[in-house]
Amino acid sequence: MDNTEMGGSPRGAATAVATNAPTEPTIAHGVAEARSLFDREILGQALGGSFKKFDPRVQIKNPVMFVVLIGSVITLIEAIKHPDTFNWSITIWLFLTVLFANFAEAMAEGRGKAQADTLRKMRSETEARKLGADGTEIKVAAAELVRGDLVVCEAGDLIPSDGEIVEGVASVDESAITGESAPVIRESGGDRSAVTGGTKVLSDRIVVRITAEPGHTFLDRMITLVEGANRQKTPNEIALTILLAVLTIVFLPVVVALQPFGVYAGATVSVVILVALLVCLIPTTIGALLSAIGIAGMDRLVQKNVLAMSGRAVEAAGDVQTLLLDKTGTITLGNRQASGFFPVDGHTEEEVADAAQLASLADETPEGRSIVVLAKERFGIRERELSVEHTFVPFTATTRMSGLDVDGRQIRKGAAESVKTWAAEQGGSAPPDLDETVDRIARAGSTPLVVAEGPVILGVIELKDVVKQGIQERFAEMRSMGIRTVMITGDNPLTAAAIAQEAGVDDYLAEATPETKMELIKAEQEGGKLVAMTGDGTNDAPALAQADVGVAMNTGTTAAKEAGNMVDLDSNPTKLIDVVEIGKQLLITRGSLTTFSIANDVAKYFAIIPALFVATYPQLNALNVMKLHSPESAVLSAVIFNALVIVALIPLALRGVKFRPTSSAAILRRNVWIYGVGGIIVPFIFIKLIDLVLTALHAY
Amino acid sequence: MGFFWTIVVLVIALGISWRYLGSYMAAVFEGRVHFLAWAERPVYKALGTDPEQEQTWKRYAGSLVIFSAVSILITYVILRVQGHLFLNPQHQVSVGPALSWNTAASFVTNTNWQNYGGESTMSYFSQMGALTVQQFVSPAVGIAVAIALVRGFSRRKSATIGNFWVDITRCMLYILLPAAFLAGIIFVGQGAVQTLAGTVTVHDSLNGVTQTIPRGPVGFMEAIKQLGTNGGGFMNVNSAHPFENPTGFTNWLSIFLLLVIPFALTYTFGKMVGSIRHGAALLAAMVIIFGVWVGFSSYAEHQGNPAVAVAGIHQTTGNTEGKEVRFGDTSSALFGVSSTNTSTGSADASYDSFTPIGGFGLLTGMMLGEVTPGGTGSGLYTILIYAVIAVFIGGLMIGRTPEYLGKKIQAKEVKLAGLGALVMPMIVLILTAIAVSIHAGRAGPLNAGPHGFTEILYGLTSQGNNNGSAFGGLTGNTTFYNVVGGIDMLIGRFAIMIPALALAGSLAAKGVVPESLGTFRTDNGMFVGLVIGVIIIIGGLTFFPAISLGPIVEQLSHGKFF
């Protein structure tokens, strides 16, 4: 292998953060306290909030609902001028329509607000121990710290703000942010030096250089994000709002012209009914739920412990066509495991196993442990007590071997070239079949470790990089969705090709460096593709910034976190796939409800048009296909349906339309049937039912 | 030839020309045919344009507006002074200002709405030098816009969308002039008159009457009238007149000519964007709607008149009132639907006398926005506008920022497509509302009640969609209807063309997203269904109330829908 014997600990893999198996659902924790969709507390606050949103300055941002509000004011004036049950009923239901829309938005915001409150409690005034220029400690409020200040944190202290460890190593409890209870190791230098304000030092002493200005810490950003305080409309949301505005504007002359048309026909047309018709025709359902869908989409990411810095990033995730996935931790478990012993030059497998086990007894790395375990499994070689006279030879970057000297035996395992050289120094020579065995193992994507005792080379241990279970299926799904997966690895092309094939990725980038990674992203983007990647190191930062969706691991450096447009608090690179799905689900929910909303108009026409003119043209009652009781009950039923459907669809808007990763054609067919054809049929049924209820109540 | 064989031969002829005319037109606009370069050069020299110099969408639209404004002005002036000009053997007087305005707007916008009887109003010079000239250039303008929009899809990161002057010149030289010349010869050969001599007076000694029969340069005007989906005939009764439409073959040829370019342009589109399937998908959407409408109206007309049936008279020949007996019920319905679905507006029967539901077919054919297949060029660019909306909604439903032919459909495109789609229903409904509200408007229709309402609605729908077919019954040559109609036609034409060109500019500037399995397919049956859905829903939802107060209520008065 190129420069390491065992690869060491994979770069960037969190020390204590468990990597979830890909198929296992991520358990919501941390910021995303598991709250039911209709938490009572949120429900209460949302109800209050929905009245506040009647403010016209809020309403004007949503052209569809603004028209409904104006309509309800017009009917209110009419109802005051001509007070009767019908006019008042319509007026009340129109106001309710606006209220329900407000409620949907408030509900979506409520979950974020609740989470923000939890986070705010954490930000409670921490005292920081600022290190003066002369090395003395001064106690200052955390809020007063500025970029570049040095602070000291010892066991039990809360880290006052975001920073980088410049001195020392400590175990840190980051559960407040990530929800992961096992502490993580943070140390100065390298890629694991970043600490987050609000987390707690459990042991040791560290000196932290503050990297965030007050009010701009990670925690502050998190609060703003989950609260949605600076929420801006995303590009796609803007495009959809324009389409909805078009569909609203076009219905204005349709309805307004009915007045003169009616007069020409000799009918008197009630203004209240015209307003009711307009409200029923304009896309109120999607108009009411649009912002809730967007907020809920961000919230679903938070539930997965991913913080998106903007809604734009979430949308871009749905468009991603190329996923760059780090091999270690994403595709493979990250720990190489011994999987076989291959003797050379006439030695037996057991001899190799025995020597390998001896050489690994003192080796506490997961790879070393797995050799001991395999030797026991295969040949029943037990762990033995070593005689007093033994020396453990640790692995170093120069020798690229480790082993044991015991009872005069010198046993070594390590990289092929190193062990060969070492054996030659002892006077031995490489057996003729060694190179071939080593090559075969390497070609299969595994790591060969050569075992030698003194000058005699016994055989080779195969260390296999274990591909995560279920990852192949996951990639097959990605492929069916049209997403190309590219594995990024520092391995040589041979190894990379073998693992890529086993995992079922579409392509791989072997011997990857930050520069080649960057080149790959740019090449993909030049072809018009959107690229998503994960990263954690400072040298990943430029690539994270270049990628359309850059998910930084929370364990990563500050630079990485600032460069990416999402942060994964669990530091689980597999989640990139979830992020893509959430992005898609967000757009699908919008598209489906838009289709539903427009399709609903058909039934509403059949309810209202005959009602409007049946007095003048009794024959138009033939269009009353639902056989609604009276013109008044027909119009009111349509308006009530129009309002209630908003409430009925709030859970769908918040949860998102069910998404199964399959081909675009299958997804489209399914959604056209459910929301298009369903959208035509459903209102016929429910308007009829509402009419039956109104009739039963003798309302009309 | 029975109705069945009429259709079969028509389908075969259209199929062949779809493939070959479509690919030829692509070659013309991609500059791959040059055999008339000697004729092109002096035109460019006269226009002062460099054919190599392409235009941004704004320059393109600017050229188009200037060209059209000058066209309106010239046409207006010729009509206003025709009494003093040559080629006027019948000594027609100059046309009044309101009618001249309406007629100029009408021919420049490819509408050919005629508030006059041609043989009794227009001099030969006006017919040839003003009206027929516009019948050539107005379809060329429509095709140019369509081609510019197609270039928006086919080009990548391009600031320009072509050169307007080159596009219309090449369209005229390579497509319209040769095709119309060929068709004109056939019309004349079949018996359509083509003469500069004035009226002829015939004394019928058998019956003891003397007839004055108008003649004129009819045959060649007839060819471009249909080919350019213009529809403005030489004679008042249009294609029902034996001098315009002398035989059953010319009747068939008329239908063929008015459908051929609009359909073939979908092939041109497919060819230019590099995917014939995409062109075929739009063709399928057009053909399906067109086929349903033909079936619907032919069936309605074949059923006979419900009012006659109520009177207890058994009808065996369908609804023949107002129909030329040479053509009969179903063939007239086919002609009517072809003419109203293509923005041609020519007629070989009186549409006013169609059954209410047959008339509903003609009226709704226009209300769908003239995209099935629509006018020359206008059909393609308008259906592309609808397709963009279909792509946007459909694309969202699969969870991607929607793309059409690799071009992302974002806020700007939705805005322009939305604008293009809502202009027509808005202008038609607003003007109809005005017309039914004021005295000058209410005085127009011949009939009272729903039928009168339909007459007004039809007139303004026909002009707003640049169709030009007349339902009849509406007295259009009044100051009110002349002025309002002119506005209707200009908005219905240019308020869609300009957003279409802006869309072209915006799309051309974009790069292309490569296709993958996750891409929303825009060349399969599902997409055809979505485009049809968007066309029907936008047209249906916007016009349903108006329709229900017109033909629907009228038909229902007869007790049943069919």
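Chain letters run A, B, ... following the sequence lines, proteins first, then strands; residues in each count from 1. Keep in mind that what you see is a predicted model, and the values were worked out from it rather than measured.
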Exercise for review: Begin from the C-alpha positions of A:Val657 and B:Met397 and carry the test side chain to side chain contact (heavy atoms under 4.5 Å, CB included) through to its verdict.
Suggested key: CA-CA 10 Å; A:Val657 164; B:Met397 277 198 284; over 6 Å; no

**Study point:** Stepwise side chain to side chain contact (heavy atoms under 4.5 Å, CB included) check, B:Leu541 with A:Ile598
**Key:** CA-CA 9 Å; B:Leu541 291 183; A:Ile598 298 169; 4.1 Å; yes

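With a threshold of 4.5 angstrom between heavy atoms, B:Pro402 approaches chain A through side-chain atoms but not through N, CA, C or O. At a 4.5 Å heavy-atom cutoff, the contact between A:Ala622 and chain B is made by side-chain atoms alone. Looking at B:Val512, the atoms closer than 4.5 Å to chain A (heavy atoms on both sides) all sit in the backbone: N, CA, C or O. Using a 4.5 Å cut-off between heavy atoms, B:Ala546 contacts chain A through both its backbone and its side chain. For B:Leu530, the part sitting under 4.5 Å from any heavy atom of chain A is the side chain, from C-beta outward, and nothing else. With a 4.5 angstrom heavy-atom cutoff, B:Pro425 touches chain A only via side-chain atoms. Contact annotation for B:Ile389: only side-chain heavy atoms (C-beta onward) come within less than 4.5 Å of a heavy atom of chain A. Residue contact with chain A, scored on non-hydrogen atoms closer than 4.5 Å, involves the side chain of B:Met526 exclusively.
Contact count against chain B (heavy-atom pairs under 4.5 Å) is highest for A:Leu243 among A:Ile249, A:Leu243, A:Leu530. Of the listed residues (A:Val320, A:Ile588, A:Leu277, A:Val246), the greatest number of heavy-atom pairs within a distance under 4.5 Å of chain B belongs to A:Ile588. For the options A:Ile667, A:Ile238, A:Val254, heavy-atom pairs under 4.5 Å to chain B are most numerous at A:Val254. The candidate with the highest count of non-hydrogen atom pairs below 4.5 Å against chain A, out of B:Gly395, B:Pro450, B:Ala448, is B:Pro450. When A:Leu593, A:Leu252, A:Val672 are compared by the number of non-hydrogen pairs under 4.5 Å with chain B, A:Val672 comes out ahead.
Summarising the geometry of A:Leu620 relative to B:Leu556, their closest heavy-atom pair is CD2-CD1, 4.0 Å, with the distance given to 0.1 Å. Contact detail for A:Pro253 and B:Ile430: the closest heavy-atom pair is CB-CG1, 3.9 Å.
Qualifying side-chain contact (heavy atoms from CB on, under 4.5 Å) partners for B:Val423, counting only residues two or more places apart in sequence or in other chains: B:Ile491, B:Ala495, B:Ile496. A:Ala257 pairs by the side-chain contact (heavy atoms from CB on, under 4.5 Å) definition with A:Phe261, B:Leu429, B:Ala433, not counting sequence neighbours.
Shown are A:Val255, A:Ile608, A:Leu281, A:Ile609; of these, the side chain to side chain contact (heavy atoms under 4.5 Å, CB included) with B:Pro545 is made only by A:Ile609.
The closest side-chain heavy-atom distance from B:Phe392 to A:Leu240 is below 4.5 Å. Taking the side chain as every heavy atom from C-beta outward, A:Val250 and B:Ile538 never approach each other to under 4.5 Å. Under the 4.5 Å side-chain criterion, counting only non-hydrogen atoms from C-beta, A:Val602 is not in contact with B:Phe544.
The line from CZ of A:Phe613 to CD1 of B:Ile552 is 12.0 Å long, rounded to the nearest 0.5 Å. The CG atom of A:Leu247 sits 10.0 Å away from atom CD1 of B:Ile537, with the distance rounded to the nearest 0.5 Å.
Residue pairs satisfying the salt bridge (charged side-chain N to carboxylate O under 4.0 Å, His left out) criterion with at least one member in residues 528-546 of chain B, sequence neighbours excluded, are absent.
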Under 3.5 Å, what donor-acceptor pairs does chain B form with chain A?
{"from": "B:Leu396", "atom 1": "O", "to": "A:Ile588", "atom 2": "N", "distance (Å)": "3.3"}
{"from": "B:Met397", "atom 1": "O", "to": "A:Asn671", "atom 2": "ND2", "distance (Å)": "2.9"}
{"from": "B:Thr401", "atom 1": "N", "to": "A:Asp319", "atom 2": "OD1", "distance (Å)": "2.6"}
{"from": "B:Thr401", "atom 1": "OG1", "to": "A:Asp319", "atom 2": "OD1", "distance (Å)": "3.3"}
{"from": "B:Thr401", "atom 1": "OG1", "to": "A:Asp319", "atom 2": "OD2", "distance (Å)": "2.3"}
{"from": "B:Pro514", "atom 1": "O", "to": "A:Gln321", "atom 2": "NE2", "distance (Å)": "2.8"}
{"from": "B:Ser516", "atom 1": "OG", "to": "A:Gly482", "atom 2": "O", "distance (Å)": "3.2"}
{"from": "B:Leu517", "atom 1": "O", "to": "A:Ser664", "atom 2": "OG", "distance (Å)": "3.1"}
{"from": "B:Gly518", "atom 1": "N", "to": "A:Met481", "atom 2": "O", "distance (Å)": "3.3"}
{"from": "B:Thr519", "atom 1": "O", "to": "A:Ser664", "atom 2": "OG", "distance (Å)": "2.9"}
{"from": "B:Leu541", "atom 1": "O", "to": "A:Tyr605", "atom 2": "OH", "distance (Å)": "2.2"}
{"from": "B:Ser557", "atom 1": "OG", "to": "A:Gln619", "atom 2": "NE2", "distance (Å)": "3.0"}

